[in-house]
Amino acid sequence: QWICAGSKPSALIGSIISSEKSPIAYAWEYTTVSASNGFLPVPGINNLPHYAPPVIETNTWFRRKLTMGACSSYSAPVSVTAMKDGLWLGNINRDWNNANNWCGANIPSSSTDVFIPASSPYSPQITSSASCNHLTLSDQSALQISSLLQCGGSINAPVESIDATGGSIELNGLQPQ
């Protein structure tokens, strides 16, 4: 999941396991270190099959520990990326240059890493000059460019997701792109 910093992530839904032989215990854990280190018990009720995370401010990984008798196993970590700026929300319209379409209400600048998810109500459209540092589009997302997009970093997107037939992309970084 990608969310605005200071927001609540979607609920984490785990499989419900049952056993007639041994009681089953669930324990949700989180870390802000990495997907493999520093896990601690999550705050609040953490012993249910599902977990509703609180508001988070930084990138966080969650996993569920399942204990049955003397055996324990862990789910694969689920990543929640919290962005202050550069996350396309697309709640208002398709206009890249409308601040209300962006996390933090800040239009990206040449130093902003941008992420465009497929889950947005509106896909972005650039109709007047725009800039960003790194640009990432998720699978099934789209970006239409009918003006100029200046990109100082890398572009990571499925080939068919960017339509610049009416505009152009200028790669203007200081490093090889």
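Nothing fancy with the numbering, it's 1 onward along the sequence. Quantities reported herein were computed from a predicted structural model and do not represent experimental measurements.
The aromatic rings of Trp102 and Trp88 sit perpendicular, their planes meeting at an angle over 60°, well past the 30° parallel limit. Ring pair Trp2/Phe115 is parallel by interplanar angle, where below 30° counts as parallel and above 60° as perpendicular.
Contact between Pro54 and Pro9 at its shortest, heavy atoms only, is O-CD, 3.3 Å. Closest approach of Pro77 and Arg63 over heavy atoms only: CA-CB, 4.2 Å.
In terms of modelled atom types and a separation under 3.5 Å, the side chain of Thr31 and the main chain of Asn37 share a donor-acceptor contact. At distances below 3.5 Å, not a single donor-acceptor pair connects side-chain atoms of Ser110 with backbone N or O atoms of Ser131. Remark: side-chain polar atoms of Thr112 are not paired, donor with acceptor, to backbone N or O of Val114 under 3.5 angstrom. Remark: the backbone N or O of Asn93 is paired with a side-chain donor or acceptor of Asn101 at under 3.5 angstrom.
Using a 4.5 Å heavy-atom threshold, the side chains of Lys65 and Phe39 count as separate. Leu12 has its side chain within reach of Trp28: a pair of non-hydrogen atoms, C-beta onward, lies under 4.5 Å apart. Under the 4.5 Å side-chain criterion, counting only non-hydrogen atoms from C-beta, Thr60 is not in contact with Pro53. At a threshold of 4.5 Å between non-hydrogen side-chain atoms, the residues Pro124 and Tyr122 do not count as touching. The closest side-chain heavy-atom distance from Pro49 to Ser15 is not below 4.5 Å. By the 4.5 Å heavy-atom criterion applied to side chains, Tyr26 and Tyr51 are not counted as neighbours. Counting only heavy atoms from C-beta outward, the side chains of Ile162 and Ile169 approach each other to under 4.5 Å.
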Between side-chain atoms of residues 142-155 and protein atoms elsewhere (two or more places apart, or another chain), which donor-acceptor pairs fall under 3.5 Å?
{"residue": "Gln144", "atom": "OE1", "partner": "Arg94", "partner atom": "NH1", "Å": "3.4"}
{"residue": "Gln144", "atom": "OE1", "partner": "Arg94", "partner atom": "NH2", "Å": "3.2"}
{"residue": "Gln144", "atom": "OE1", "partner": "Gln125", "partner atom": "NE2", "Å": "3.4"}
{"residue": "Ser146", "atom": "OG", "partner": "Ile126", "partner atom": "O", "Å": "3.1"}
{"residue": "Ser147", "atom": "OG", "partner": "Ser129", "partner atom": "N", "Å": "3.3"}
{"residue": "Gln150", "atom": "NE2", "partner": "Glu170", "partner atom": "OE2", "Å": "3.3"}
{"residue": "Ser154", "atom": "OG", "partner": "His134", "partner atom": "ND1", "Å": "2.9"}

Intermediate values then yes/no, side-chain contact (heavy atoms from CB on, under 4.5 Å), Val80 and Trp61: CA-CA 6 Å; Val80 178; Trp61 292 265; over 6 Å; no
Derivation and outcome, side-chain contact (heavy atoms from CB on, under 4.5 Å), residues Ile16 and His50: CA-CA 9 Å; Ile16 297 175; His50 314 305; 4.2 Å; yes
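Note: Ser141 OG to Ile116 CD1 = 6.5 Å, rounded to the nearest 0.5 Å. Taken from CG in Asn59 to OG1 in Thr81, the straight-line distance is 4.5 Å, to the nearest 0.5 Å. Note that CZ of Phe62 is 8.5 Å distant from CD of Gln1, once rounded to the nearest 0.5 Å. Rounded to the nearest 0.5 angstrom, Thr136 OG1 and Asn156 CG are separated by 5.0 Å. Rounding to the nearest 0.5 Å places CG of Asn106 at 4.5 Å from CG of Asp85.
Side-chain heavy atoms closer than 4.5 Å link hydrophobic residues (I, L, V, M, F, W, Y) into clusters, and following such links, even through other members, never connects Ile92 to Met83. A continuous path of Ile, Leu, Val, Met, Phe, Trp and Tyr side chains, each step under 4.5 Å between heavy atoms, connects Val78 with Tyr30, placing both in one hydrophobic cluster. Hydrophobic clustering of Ile, Leu, Val, Met, Phe, Trp and Tyr side chains at less than 4.5 Å, counting indirect connections, unites Ile56 with Val42.
Heavy-atom contacts from other residues, nucleotides or ligands closer than 6.0 Å to CD1 of Ile45 number 12 or fewer.
If you check the side chains of Ser128 and Asn97, you find a donor sitting under 3.5 Å from an acceptor.
Across Ser120, Pro108, Cys4, a single residue satisfies side-chain contact (heavy atoms from CB on, under 4.5 Å) together with Leu87, and that is Cys4.
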